[in-house]
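Here the structure is laid out as structure tokens; the discussion comes afterwards.
Within every chain, numbering begins at 1; the chains are lettered A, B, ... in the order of the sequence lines, protein sequences first and strands thereafter. FYI, side chains are in, hydrogens and waters are out, and symmetry mates aren't considered; it's all heavy atoms of this structure.
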Amino acid sequence: MSLPPSLTLRGVQIYQQALDRAAQEALLEDLRAVQRAAPLFSPETRFGRKMSVQMTSAGKYGWYSDRRGYRYERRHPSGVDWPPIPQAVLELWHRITGLDRTPDCCLVNFYREGARMGLHQDRDEADFSWPVLSISLGDDGLFRIGNLERGGPTESIWLQSGDVAVLGGEARLLHHGVDKIRAGSSTLLAQGGRINLTCRVVD
DNA sequence: GAGTGCCA
DNA sequence: AAGG
């Protein structure tokens with residue numbers, strides 16, 4: 001029993017303003033604790049190029065990339081365990097997806113002005129029948145949704161602070177990415193930028 | 001602005 | 001190629 005989305009784009013379910021301002025601020029406070037335990041870093045692609053997005057994770061696994069490729073790791077690159085996923089994130093996951101299963105990973109992506117993420121698929125998980133849930137905080141981000149195969153036409157939507165998107169079912173393996181951050185569009189983060197949380201069942 | 005190709 |  002999951003909630004109905006306010007909007008669907010290519011099967012991606014979008015719940016606009018699923019979090020009010022107070023909930024966003026509370027989440028931000030939780031994220032400060034996550035970042036203290038597991039500081040942000042910019043991973044390298046397998047060709048040694050640093051990604052413009054900074055990231056960290058919470059949960060049993062964190063997403064990681066270096067010259068050896070993409071994967072989930074049980075520890076932050078510093079060697080410490082990833083901190084626990086904030087309770088408010090877990091509650092939102094269960095409220096929106098209606099699932100009993102708890103996510104193994106909450107990836108925290110931080111986009112400063114000019115940071116982008118190219119079109120890609122989330123396919124480092126063992127079972128694609130579990131959805132991926134995404135929470136937007138801070139400045140607006142231009143989210144682009146493509147196809148199951150590389151190439152072809154795409155559609156874009158501006159995601160705002162408090163919006164939640166779910167890639168599940170037929171949309172689970174769609175290519176997607178972030179083309180642009182609209183600096184100064186939100187007052188949530190004093191220093192500006194966009195935070196995106198993505199929750200996943202890994203194994 | 002969007003889509004395609006291509007790089008190593 | 002989760003980049004340019």
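Look at A:E125 and A:R172 and you find a salt bridge, because one of the NZ, NE, NH1 or NH2 atoms lies within 4.0 Å of a carboxylate O, short of that distance. Contact check on A:D139 versus A:R182 returns no salt bridge, with no Lys/Arg side-chain nitrogen under 4.0 Å from an Asp/Glu carboxylate oxygen.
Using cut-offs of 30° and 60° for the angle between ring planes, the A:F41 and A:H76 rings count as perpendicular. The aromatic rings of A:Y61 and A:Y72 lie perpendicular to each other, with more than 60° between the two planes, well past the 30° mark.
Here B:dA2 sits opposite no nucleotide as a Watson-Crick or G-U wobble pair (both hydrogen-bonding atom distances under 3.5 Å).
No more than 12 heavy-atom neighbours from other residues, nucleotides or ligands sit within 6.0 angstrom of CD on A:E113.
In this entry the distance linking NE2 of A:H176 with C1' of C:dA2 reads 8 Å, nearest Å. A:M117 has its CE atom 11 Å from the P atom of C:dG4, to the nearest Å. Between the P atom of C:dA2 and the CZ atom of A:R194 lies a distance of 18 Å, rounded to the nearest Å. As rounded to whole Å, 12 Å separates atom C1' of C:dA2 from atom CZ of A:F47. At whole-Å resolution of the value, CG in A:L173 and C1' in C:dA2 are 15 Å apart. Put simply, NZ on A:K180 is 16 Å from C1' on C:dG4, counting in whole angstrom units. Put simply, CG on A:D66 is 13 Å from C1' on C:dA2, counting in whole angstrom units. At whole-Å resolution of the value, CG in A:L167 and C1' in C:dA2 are 14 Å apart.
Boundaries of the chain A contact region on DNA chain B are B:dG3 to B:dT4, first to last in 5' to 3' order (nucleotide atom under 4.0 Å from a heavy atom).
Cation-pi geometry between A:R75 and A:W82 is not satisfied (NZ or CZ under 6.0 Å from the ring centre, within 45° of the ring normal).
At the heavy-atom level, A:D124 lies under 4.0 Å from base atoms of the strands shown. Here A:R46 lies out of heavy-atom contact (under 4.0 Å) with every strand. Backbone-only engagement by A:G152 is indicated by non-hydrogen atom pairs under 4.0 Å involving sugar-phosphate atoms exclusively. Residue-level contact check: A:T154 touches the backbone only, with heavy atoms under 4.0 Å from sugar-phosphate atoms and none from bases. When heavy atoms are screened at a 4.0 angstrom cut-off, A:P43 is found touching no nucleic acid atom at all.
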Candidate pair A:D203 and A:K60, rule salt bridge (charged side-chain N to carboxylate O under 4.0 Å, His left out), full reasoning: CA-CA 10 Å; A:D203 61 7; A:K60 178 180 174 188; 3.6 Å; yes
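A distance-only check finds a donor-acceptor pair linking the side chain of A:D163 to the backbone of A:Q17 [under 3.5 Å].
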Which dot-bracket notation, 5' to 3', represents the base pairing of DNA chain C when pairs are defined as Watson-Crick or G-U with both distances under 3.5 Å, crossing pairs as [ ], and inter-strand pairs as |? ..||
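Under the 4.5 Å side-chain heavy-atom criterion for Ile, Leu, Val, Met, Phe, Trp and Tyr, A:Y70 and A:L107 are members of the same hydrophobic cluster. Under the 4.5 Å side-chain heavy-atom criterion for ILVMFWY residues, a single connected hydrophobic cluster contains both A:I85 and A:L40.
Summary of the strand contacts: A:R150 and A:R144 both lie near DNA chain B, and taking for each the nucleotide with the nearest heavy atom, the more 5' one is attributed to A:R144.
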